[in-house]
Amino acid sequence: GIVKLAASITTAQTAEAMEEVVQRAEQLHRRLCAESDLRKALLEPKESAGEDGSPNWTHYNGVKTLSMLEMLQTRDNMMDTSLEKCTTEGVHQSIIEEAMKSQKTLKAALKQAIAEDEERKAKE
């Protein structure tokens, strides 16, 4: 869908189609990309064990994180970026609100992980 729309926009631009139609298609494409990015940001990373048995997480974009704290920080950053893009591109408010509920839970887990990490460092 998104790739086909991008190809159609390119074809329309080449054919010098009516500018208003091309602009609306580009806007729709940006909004769909923002929604897709948000959907991906909401995905849980795949957990696996390293060679030494320690856990690690692989995110949808191939980024690998080696600690729970790093995983949560990465997810939070991805959520921030995708929510900002959704807001900019006019994604329906109900979608944004639902994603923000998930992010609130994520931020609480991140806050907990930061506190645990600081406590662990203080003991060292």
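Small disclaimer: the values here were computed from a predicted structure and weren't measured. Along the sequence shown, residues are numbered consecutively beginning with 1.
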Practice problem: Say whether Leu42 and Leu83 are linked into one hydrophobic cluster, either directly or through other cluster members, by side-chain heavy-atom distances under 4.5 angstrom. | Solution: yes
Before you tell me yes or no, could you show the steps for Lys107 and Asp76 under side-chain contact (heavy atoms from CB on, under 4.5 Å), namely the whole-Å CA-CA distance, both residues' side-chain angles and the distance that decides it to 0.1 Å? CA-CA 7 Å; Lys107 284 191 180 293; Asp76 187 52; 2.9 Å; yes
Exercise for the section: Report whether Ile95 and Met79 are members of the same hydrophobic cluster (ILVMFWY, side-chain heavy atoms less than 4.5 Å apart, transitive linking). Expected result: yes
dist Cys86:SG -> Arg30:CZ (nearest 0.5 Å) comes out at 13.5 Å
Q) Can a salt bridge be assigned to the pair Arg120 and Glu124 using a cut-off of 4.0 Å between side-chain N and carboxylate O? A) yes
Between Asn56 and Thr65, is there a side-chain donor-acceptor contact under 3.5 Å, judged purely by atom types and distance?
no
Tell me, with the steps shown, if Lys111 and Ile114 meet side-chain contact (heavy atoms from CB on, under 4.5 Å).
CA-CA 5 Å; Lys111 184 177 180 181; Ile114 289 170; 5.8 Å; no
* **Glu47 atom CD, over 12 foreign heavy atoms within 6.0 Å** => yes
**OP:** Please test Met71 against His59 for side-chain contact (heavy atoms from CB on, under 4.5 Å), starting from the C-alpha separation and ending with a verdict.
**Re:** CA-CA 8 Å; Met71 181 270 289; His59 300 266; 3.7 Å; yes
### Query
salt bridge (charged side-chain N to carboxylate O under 4.0 Å, His left out) between Lys101 and Glu98: does it pass, once the steps are laid out?
CA-CA 5 Å; Lys101 289 177 188 175; Glu98 284 300 312; 3.0 Å; yes
Smallest heavy-atom separation, Ala41 atom then Ser82 atom, equals CB-OG, 3.6 Å
Tightest non-hydrogen contact, residues Leu72 and Ala113, listed as CD1-CB, 3.7 Å
Are Asn61 and Lys40 side-chain neighbours, meaning at least one heavy-atom pair lies under 4.5 Å? no
Rounded to the nearest 0.5 angstrom, the CG-NZ distance for Leu43 and Lys46 is 9.0 Å
In Glu70, Arg75, Met68, the residue satisfying side-chain contact (heavy atoms from CB on, under 4.5 Å) with Trp57 is Met68
I'd like to check Glu84 versus Thr87 (side-chain heavy atoms, cut-off strictly below 4.5 Å). Are they in contact? no
Treating Ile, Leu, Val, Met, Phe, Trp and Tyr as nodes and any side-chain heavy-atom pair under 4.5 angstrom as an edge, say whether Leu32 and Val91 lie in one connected cluster. no
Does Glu35 come within less than 4.0 Å of Arg31, counting only side-chain N to carboxylate O? yes
Quiz item: Using a distance-only test with no angle check, is there a side-chain donor-acceptor pair under 3.5 angstrom linking Gln23 and Gln27?
Solution: no
Starting from the C-alpha separation in whole Å, work towards a yes-or-no answer on side-chain contact (heavy atoms from CB on, under 4.5 Å) for Met78 and Tyr60. CA-CA 11 Å; Met78 287 190 283; Tyr60 75 90; 3.4 Å; yes
message = Are Leu38 and Met100 linked, directly or through intermediate hydrophobic residues, by side-chain heavy-atom contacts shorter than 4.5 Å (ILVMFWY only)?
response = yes
